[in-house]
Amino acid sequence: MQSKSTKPSLILLLGRDDWQKDINLNYMLVHYLQKKGIAIAWEDPIGGPIWRLRHMLSRLCRLPEFGDKLIVRGLQILYASFNWRYAQHLFRQFNDEQRHTVYGRSQRVAKRIGELSKKYEVYVISRSSGGRVASLVADNVAVKQIICLGYPFQNPENGIEPERYEHLPALRTPFLIIQGKNDEYGGNEILEKYHFHPNTSIFLMDTDHGFNMEKHQWQVLFHKMEEILPKNQVKTKESFDLISTTSFVSS
């Protein structure tokens, strides 16, 4: 049973590095959350416009990586020219030597959650490396619940990397991992191979890391999420003005 809170609830979306691999999945998630009337936050303050533009362009063609970066940087600079606070945010970020690391991203996410939690009860829906980052900072910030679609236990190209999962047994924040049985980053074997805190639950689905599924499977996934997500929330004016799926850390 969910505890009562005087703060409105908000979903913070934390995505993976390669947005093009997730464009359809992100569309499904955002469309679902919008229908439910739940306020959405993104990882970059202009994440909403960036996401909408990316989704529109993806229907026309597949952008090369440099083209995507140009779009993101262009929108960021344009917004910064009208918003001094955001300009300061960009300046600090680009001068941070750790900005391309998991640590650097974790620091930024922790700070943003700290800001959001002053006004909202924050839930996190994450993808791949976004789930790793969320799980690293959750116990030190005000997060109600983390949901991760496809936790990256092991990059198949890198071999064993204990830093991806060694913190999970100590993670106290409620954590739902929805994992594909055929996920190359960790599938059926994760229940026996890794250790988890009692507040972590695993839900296995017949899919892969990209969550390429039929419509009825998405309904199963959404039903599982509804057991956790806030009920009867009303979208705020800020729904698409907070944070973006863009990240600088690959899965």
Side-chain angles (χ1 to χ4, degrees), residues 1-16 25-51 85-86 89 105-151 167-168 170-178 196-203 218 221-247:
M1 181 179 296
Q2 295 182 14
S3 59
K4 294 183 179 180
S5 173
T6 58
K7 296 179 181 179
S9 298
L10 177 143
I11 305 296
L12 169 59
L13 297 178
L14 297 179
R16 63 189 299 186
L25 186 152
N26 288 334
Y27 173 77
M28 294 291 288
L29 282 177
V30 173
H31 182 66
Y32 165 75
L33 294 172
Q34 286 181 309
K35 285 181 63 177
K36 287 295 179 180
I38 303 174
I40 302 172
W42 308 72
E43 194 176 340
D44 185 280
I46 58 166
I50 288 174
W51 181 83
R85 185 179 179 186
Y86 184 65
H89 162 77
R105 188 183 180 192
S106 297
Q107 293 296 102
R108 294 193 300 273
V109 168
K111 182 177 180 180
R112 193 59 177 134
I113 291 175
E115 295 173 349
L116 291 171
S117 61
K118 295 175 183 177
K119 296 174 57 179
Y120 301 99
E121 188 172 66
V122 180
Y123 292 71
V124 174
I125 297 180
S126 57
R127 264 290 288 149
S128 197
S129 60
R132 178 184 175 188
V133 168
S135 65
L136 286 168
V137 305
D139 281 352
N140 297 316
V141 292
V143 172
K144 179 73 174 177
Q145 172 87 41
I146 308 170
I147 298 174
C148 180
L149 307 186
Y151 189 90
H167 64 286
L168 295 178
L171 177 65
R172 301 184 305 276
T173 302
F175 190 21
L176 169 62
I177 299 175
I178 301 178
F196 304 95
H197 190 277
N199 286 344
T200 296
S201 57
I202 312 293
F203 184 69
W218 277 104
L221 186 151
F222 291 146
H223 179 73
K224 187 64 180 179
M225 289 172 54
E226 284 178 1
E227 297 176 2
I228 294 170
L229 293 178
K231 308 282 192 302
N232 301 320
Q233 295 295 319
V234 178
K235 283 191 294 184
T236 71
K237 184 178 179 181
E238 299 173 86
S239 294
F240 279 111
D241 194 32
L242 297 174
I243 299 199
S244 146
T245 51
T246 306
S247 66

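- Panel note: side chain S126, backbone I147; a donor-acceptor pair is recorded below 3.5 Å.
- If you take CE on M28 and CG on L221, they are separated by 9.0 Å, rounding to the nearest 0.5 Å.
- At a threshold of 4.0 Å, the pair K224-E227 counts as salt-bridged, since one of the basic side-chain nitrogens sits closer than that to a carboxylate oxygen.
- With sequence neighbours excluded, the residues that form a side-chain hydrogen bond (donor to acceptor under 3.5 Å, both in side chains) with S135 are H167.
- Minimum interatomic distance between I146 and A138 (heavy atoms only, all atoms of both residues): CD1-CB, 3.5 Å.
- Checked by atom type and distance alone, the side chain of Q145 pairs as donor or acceptor with a backbone atom of P174 at under 3.5 Å.
- Legend: residues meeting side-chain hydrogen bond (donor to acceptor under 3.5 Å, both in side chains) with N199, ordered by chain and number and at least two apart, are absent.
- Here the side chains of L10 and I40 are not in contact, with every heavy-atom distance at 4.5 Å or above.
- Between the side chain of R16 and the backbone N or O of S128, no donor-acceptor pair lies under 3.5 Å.
- Residues satisfying the side-chain contact (heavy atoms from CB on, under 4.5 Å) test with N140, not counting sequence neighbours, are none.
- Residues passing the side-chain hydrogen bond (donor to acceptor under 3.5 Å, both in side chains) test with S117: none are found, sequence neighbours excluded.
- With rounding to the nearest 0.5 angstrom, the CD1 atom of I177 is 13.5 Å from the CZ atom of F203.
- In this structure, the ring-ring contact (aromatic ring centres under 6.0 Å, His included) partners of F222, at least two apart in sequence or on a different chain, are Y32, W218.
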